[in-house]
Amino acid sequence: MSCALGLALISPSELSETQFWPPLTSSFSTAERGCILEVAYNVLSLHRSSLIREFTMSTLLRSLCSLACLFIVTSLAPAARADTAADVASANSSLKRAESNLELVDGSIGHLKSPPKGSAAKLAKMRLDGALGDIEAAKKKLEGLSGAGVAEATKRYNEAVKLHKKLSDILTGAPPAPAPTPTPSPTPDPAPDPKPDTDKPKTVKLGYPHADNFKNTLFTLRRVEADTASLTNLIEALRPVKDQLTINHRKTAGAMEKIKETRRQAGFVSTGLAKIPSNGEGVAEAGQRLANARSSVDRAEAYFKPLHAQLMNLINPANYPKYTEDLNRLSELSRAYNNLDYLFREQRAAAAETYGQLEVANAECVRIAQAYLRLMEQETELGKQIEIAGNNFLGGHAAFTAKAQEQAAGLPADIRKDLAEADQYANEAVQNQKPMWFTGGIPQRMEWADDKLALYHVLDPKGAVAVQAEVDAMKASLAQRADSLKELIIRENPLPNDRYVGADREKAIAVAVSAWKIQEKDFELLTVRIPSEAWSRETKWTYSNGTWYFVDKSTLQIRLIVADKANPAQAIDRPINVRMDHQKGDALIGVPMRSFDEELQPNEYLLRDKI
């Protein structure tokens with residue numbers, strides 16, 4: 001009643017905002033507050049006398065409150081924020097990210113009594129910094145907001161701030177902040193003694209043997225937490241890798257093994273805690289730490305399990321059915337570049353074929369490398385074999401190319417040297433009547449020249465044109481000089497050697513005879529000679545019509561000595577190359593070195609009486 005009387009006797013100048021109603025200082029503008037106070041004073045003036053006699057404090061306050069509420073509704077309605085829901089949603093999104101980071105840090109260091117060290121400290125600081133940024137963003141969104149969801153978001157914000165403070169103190173080793181000193185207040189009336197809190201569980205000090213068992217359980221729990229932290233660190237290191245399939249499968253395999261072992265150790269912890277009184281000191285905290293560790297293991301498994309399955313499928317040999325064929329091809333292609341000096345000196349035909357396939361061979365090497373790139377990235381044994389073969393190929397390819405360029409520069413001079421020697425021997429043979437030179441040294445030099453010229457045509461087609469003309473001219477000259485000694489040459493020609501005694505001799509001879517019948521249907525076979533002691537085998541990959549073919553063949557030259565129909569006193573030496581294809585069940589085919597209509601040279605005749 002005294003408060004009502006006091007208000008009724010206040011003058012307008014004495015009716016200040018603060019004295020009248022404190023909420024006016026924060027809820028309305030200056031003009032609005034003035035309007036409210038003016039109305040309030042008028043009401044009081046009209047009813048001052050009656051207030052003294054009749055109004056109670058509650059009646060007056062209800063009147064003023066009704067009046068204030070009218071102004072509050074009128075004032076607040078236009079100020080309501082249309083984007084409150086969007087700001088609350090944005091704040092909750094930021095708080096969700098902050099809570100995720102805080103949960104990870106709490107599971108890692110929340111139980112510690114001293115600051116962590118090393119990578120655990122770095123990772124915790126990074127996550128706390130990220131959480132702080134999200135907390136501050138949420139704070140900005142919530143400032144000045146009211147309406148649906150604001151209270152719940154504000155509560156989340158306060159809890160996040162509190163947890164961040166706790167974890168930051170653990171990380172930095174800061175002592176707990178002292179409890180704030182309460183502001184003195186009037187002594188309240190004595191209250192009845194509080195009832196004992198029988199619902200809150202009480203902890204007890206563990207005795208033997210529980211204390212000993214708990215100590216062992218905590219030791220295993222620390223191991224679980226350490227392994228969990230290492231899994232989390234590994235995820236943080238691997239997740240930024242752009243191409244996850246380049247991660248080595250051994251890392252994911254190790255992680256899966258650690259997850260399996262960590263779960264096993266966590267089982268031991270769970271069993272140990274189950275045997276200890278749940279109200280023992282530290283038991284509940286240990287249980288929470290175990291739950292946090294298991295949650296982290298679940299998150300690690302969610303990342304590593306599908307990735308490991310992908311990587312194991314990636315290196316599964318069953319997914320590379322052409323591996324053996326491709327590896328063999330790459331190895332064979334690289335062997336074509338071995339022993340280059342011997343290749344360009346003794347196997348020029350093979351060197352010419354290899355040179356013609358340089359580009360397609362290199363493209364095939366690139367194709368094979370790309371097909372098995374994942375195996376090489378994963379450092380599997382299959383990948384290592386491909387990598388070794390590929391490196392051998394590339395090294396040999398470069399060396400062969402350099403050697404070919406060197407040969408192209410020197411072959412014209414070498415060919416002209418052979419021609420000069422053949423010319424010299426031919427002159428001396430004619431002058432000194434030495435026909436054997438036309439069956440030995442001279443044909444040999446011309447074979448050398450032809451062999452080198454064939455390679456030169458591949459290495460330098462334009463330059464080989466002029467050299468080819470020189471070789472053709474020399475052959476014509478030699479033929480004229482040999483013809484002058486034709487009878488002497490034929491008389492001196494020997495019967496070829498006969499060294500081969502293999503079990504397939506008769507079969508090979510039959511193939512040679514059949515091949516020559518295609519050239520000359522009616523001929524008289526006088527004898528057969530096989531100069532070589534064994535078949536000559538060749539294996540290689542060759543490219544033709546856009547496809548690579550593996551060649552595995554052996555060759556045996558058979559010399560058919562047949563009657564010369566034009567001169568009964570003479571015989572003709574017909575060489576036939578018999579080839580065995582090991583890719584087709586050792587099938588045989590005969591290939592004559594000369595056709596029947598080609599002009600014969602004196603060294604291809606011999607006297608019949610030598611047979």
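Atoms considered below: every heavy atom in the structure, side chains included; atoms not considered: hydrogens, waters and symmetry mates. For reference, positions follow the sequence shown, starting with 1.
Residue Q378 forms a side chain to side chain contact (heavy atoms under 4.5 Å, CB included) with just one option from R250, H249, M312, and that option is H249. Screening E236, E103, E99 against R127 for a salt bridge (charged side-chain N to carboxylate O under 4.0 Å, His left out) leaves a single residue, E236. The one candidate from Q244, Q310, H308 that meets the side chain to side chain donor-acceptor pair (under 3.5 Å) condition with T252 is H308.
Residues R367 and E364 are paired through a salt bridge, judged by an N-O separation under 4.0 Å between the basic side chain and the carboxylate. Salt-bridge annotation for E136 and K140: absent, with no side-chain N of the basic residue lying under 4.0 Å from a carboxylate O of the acidic one.
Under the 3.5 Å distance criterion, with hydrogens and angles disregarded, no donor-acceptor pair is assigned to the side chains of N328 and E332. For E261 and Q265, the side-chain atoms include at least one donor-acceptor pair closer than 3.5 Å. Side chains of S94 and K141: no donor on one and acceptor on the other come within 3.5 Å. In this structure, a donor-acceptor pair under 3.5 Å is present between the side chains of R299 and S296.
Judged purely by atom type and a 3.5 angstrom limit, S93 has no side-chain atom pairing as donor or acceptor with the backbone of A89. No donor-acceptor pair under 3.5 Å is formed between the side chain of Y157 and the backbone N or O of A138.
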After noting the C-alpha distance and the side-chain angles of D227 and I259, does the key distance pass the side-chain contact (heavy atoms from CB on, under 4.5 Å) rule?
CA-CA 8 Å; D227 289 344; I259 289 172; over 6 Å; no
Between R263 and D298, is a side-chain contact (heavy atoms from CB on, under 4.5 Å) present by the stated rule, with each step listed?
CA-CA 10 Å; R263 290 194 187 282; D298 290 342; 3.0 Å; yes
Decide side-chain contact (heavy atoms from CB on, under 4.5 Å) for D106 and K166; before the verdict, give the C-alpha distance in whole Å, the side-chain angles of both, and the deciding distance to 0.1 Å.
CA-CA 9 Å; D106 192 32; K166 168 197 168 184; 3.5 Å; yes
Decide side-chain contact (heavy atoms from CB on, under 4.5 Å) for L382 and Y372; before the verdict, give the C-alpha distance in whole Å, the side-chain angles of both, and the deciding distance to 0.1 Å.
CA-CA 9 Å; L382 297 182; Y372 304 99; over 6 Å; no
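Using cut-offs of 30° and 60° on the angle between ring planes, the pair H397 and Y337 is perpendicular.
Minimum interatomic distance between V269 and L221 (heavy atoms only, all atoms of both residues): CG2-N, 3.6 Å.
Residue pairs satisfying the salt bridge (charged side-chain N to carboxylate O under 4.0 Å, His left out) criterion with at least one member in residues 280-296, sequence neighbours excluded, are listed as follows: E225-R289.
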